[in-house]
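Accompanying notes for the structure given below.
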Amino acid sequence: MTDPRFAEVVFDRPLDQAFSYTLPLGILPLVGQRVECPFGRGDKTTEGFVVGLSDDQPSFKTKQIVRILDDAPLVDASILKLTRWLADYYLCGWGQVLHAVVPAGVRDKAGTRAVAFVEAIDGPETKLTPKQTQALEKLQRADGPMPMAHLSRELGGSGAILALVEKGLARKFTQRLESGEARAVLEEHVPSPAPPLELNADQLAAWRIIEPAINQGGYHPMLLHGITGSGKTELYLRAIDDVVRRGLEAIVLVPEISLTPQTIAQFRGRGGTVAVLHSHMTNA
């Protein structure tokens, strides 16, 4: 298998076509990433989305991609398929639709921070210094990747960690997180997941109806009726736990923005990843 030599790129323009660009040596984008390319008669550097890769030489002279803008694709295959359909249905440019569906804060990486992580991997047997052994043992005992800053603080420096990476016993990578999430990770303020509460008699009666519906799959509308504080949220949480364990997702609608902070606290306290969206939020 050889690397592709050409990329198909669409722009935020009312144009119903993708444009072919040559991939220079050392530049290999993925489908769904944004790139900068010379565009138009003046070759103005313009941002576009890669929607395809190919090794087929076009019948015309192609310009070269300048650089890749994203660490990872901003859209996956399902979003590409959906936006292609939207462009056809509403008679607009594919690039216009992609530009519309990716939030401005994501495009600008607003309110995000790059955090370095490190994790143990299977590697060759090799001689280690006491400090390197200590670092490797900490990584092996961890539940998952550790923030590089944490481990460096515990070890009094990053030399041993970098030595493990060089010897093939650890992997270092960078992940971009929301600023608040990054701050929590780096300050070790991530709350431990709270265990499910024991259900009372009324909750159990409701759960005996909800659980089979989840197991069955499909659409089953239900109404939970109870006064404030009667335990409805625990049933929502339990249902979502079941759904997420199956590799699926859930959307929770909160009746008003003022209730959002306490709702987030409840849901994040159960250990799930929670994304929040409402009209008072900034791009970040």
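For the atom pair Leu164 CG and Leu128 CG, the distance stands at 6.0 Å (nearest 0.5 Å). Separation of atoms CG (Leu199) and CG (Leu204) is listed at 5.0 Å; rounding is to 0.5 Å. For the atom pair CD1 of Ile65 and OG1 of Thr45, the computed distance is 12.0 Å after rounding to the nearest 0.5 Å. Interatomic distance, NE2 of His150 versus CZ of Phe117, reported as 8.5 Å (0.5 Å rounding). To the nearest 0.5 Å, atoms CG (Asp241) and CZ (Arg246) are separated by 11.5 Å. To the nearest 0.5 Å, atom CD of residue Gln175 and atom CZ of residue Phe173 are 6.0 Å apart.
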*Intermediate values then yes/no, side chain to side chain contact (heavy atoms under 4.5 Å, CB included), Lys138 and Glu154*: CA-CA 10 Å; Lys138 284 181 178 291; Glu154 292 180 11; 3.2 Å; yes
*Could you walk me through whether Lys131 and Leu155 pass side chain to side chain contact (heavy atoms under 4.5 Å, CB included), step by step?*
CA-CA 7 Å; Lys131 186 74 78 171; Leu155 298 170; 4.2 Å; yes
*Walk me through it: do Thr62 and Ser20 pass the test side chain to side chain donor-acceptor pair (under 3.5 Å)?*
CA-CA 6 Å; Thr62 56; Ser20 298; over 6 Å; no
*Take Asp16 and Arg84 through the test salt bridge (charged side-chain N to carboxylate O under 4.0 Å, His left out) and record every step on the way to the result.*
CA-CA 10 Å; Asp16 187 28; Arg84 177 65 266 180; 3.2 Å; yes
*Give the intermediate values and the outcome of side chain to side chain donor-acceptor pair (under 3.5 Å) for residues Lys232 and Gln203.*
CA-CA 8 Å; Lys232 298 186 296 295; Gln203 288 172 318; over 6 Å; no
_Is there a side chain to side chain contact (heavy atoms under 4.5 Å, CB included) between Leu162 and Met148? Walk through the geometry before answering._
CA-CA 10 Å; Leu162 296 175; Met148 184 92 166; 3.7 Å; yes
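Annotation: Phe60, atom CZ; neighbour count of heavy atoms from other residues, nucleotides and ligands within 6.0 Å is above 12. Within a 6.0 Å sphere centred on CD of Glu166, other residues, nucleotides and ligands contribute 12 heavy atoms or fewer. Enclosure of atom NZ in Lys172 is not indicated, since only 12 or fewer non-hydrogen atoms of other residues, nucleotides or ligands lie within 6.0 angstrom.
The hydrophobic clustering, which links ILVMFWY residues whose side-chain heavy atoms are closer than 4.5 Å, places Leu277 and Val102 apart. Note on Met222 and Tyr236: same hydrophobic cluster, where clusters join Ile, Leu, Val, Met, Phe, Trp and Tyr whose side-chain heavy atoms are under 4.5 Å apart, directly or indirectly. Taking hydrophobic clusters as Ile, Leu, Val, Met, Phe, Trp and Tyr residues chained together by side-chain heavy-atom distances below 4.5 Å, Phe11 shares a cluster with Leu15. Hydrophobic cluster membership differs between Leu30 and Leu28, with clusters built from Ile, Leu, Val, Met, Phe, Trp and Tyr side chains linked at under 4.5 angstrom. Both Ile209 and Leu235 are members of a single hydrophobic cluster when ILVMFWY side chains are connected at heavy-atom separations under 4.5 Å.
Side-chain atoms of Val165 and Arg171, non-hydrogen and from C-beta on, never get closer than 4.5 Å to each other. The shortest distance between side-chain heavy atoms of Leu169 and Ile121 does not fall below 4.5 Å. Side-chain atoms of Phe49 and Val35, non-hydrogen and from C-beta on, never get closer than 4.5 Å to each other. Looking at Asp56 and Phe6, their side chains never come closer than 4.5 Å, going by heavy atoms from C-beta outward. The closest side-chain heavy-atom distance from Ile27 to Pro24 is below 4.5 Å. Annotation: side chain of Val31 is not in contact with side chain of Gln33 (no heavy-atom distance under 4.5 Å). A heavy-atom distance below 4.5 Å is found between the side chains of Phe267 and Thr233. At least one side-chain heavy atom of Val276 sits less than 4.5 Å from a side-chain heavy atom of Ile264.
Ser54 and Glu8 are not linked by any side-chain donor-acceptor pair at a separation below 3.5 angstrom, with hydrogens and angles left out of the test.
Minimum interatomic distance between Leu224 and Ala206 (heavy atoms only, all atoms of both residues): CD2-CB, 4.1 Å. Listed here is the closest heavy atom pair of Ala135 and Leu151: O-CD2, 4.5 Å. Summarising the geometry of Asn200 relative to Ser230, their closest heavy-atom pair is ND2-O, 4.2 Å, with the distance given to 0.1 Å. Pairing each heavy atom of Ala120 with each of Leu139, the nearest pair is CB-CB, 3.8 Å. When every heavy atom of Gln96 is checked against every heavy atom of Cys92, the shortest pair comes out as OE1-CB, 3.7 Å.
Listed for the Asp70 side chain is a donor-acceptor partner under 3.5 Å among the backbone atoms of Arg34. Proximity of a side-chain donor or acceptor of Lys63 to a complementary backbone N or O of Phe39 within less than 3.5 Å is not detected. A donor-acceptor contact shorter than 3.5 Å links the side chain of Lys167 to the backbone of Lys127. At distances below 3.5 Å, not a single donor-acceptor pair connects side-chain atoms of Glu234 with backbone N or O atoms of Gly231. When atom types are taken as modelled, the side chain of Ser158 and the backbone of Ile161 share no donor-acceptor pair closer than 3.5 angstrom. One N or O on the side chain of Thr46 and one on the backbone of Lys44 form a donor-acceptor pair closer than 3.5 Å.
Between Arg245 and Asp242 there is a salt bridge, since a side-chain N of the basic residue sits under 4.0 Å from a carboxylate O of the acidic one.
In this structure, His280 and His278 have perpendicular ring planes: the angle between them is above 60°, well past the 30° mark.
Each of Thr83, Val10, Asp12 was scored for a side-chain contact (heavy atoms from CB on, under 4.5 Å) with His99, with one residue passing: Asp12. When the options Asp55, Val51, Val50 are evaluated for a side-chain contact (heavy atoms from CB on, under 4.5 Å) with Leu53, the one that passes is Val50.
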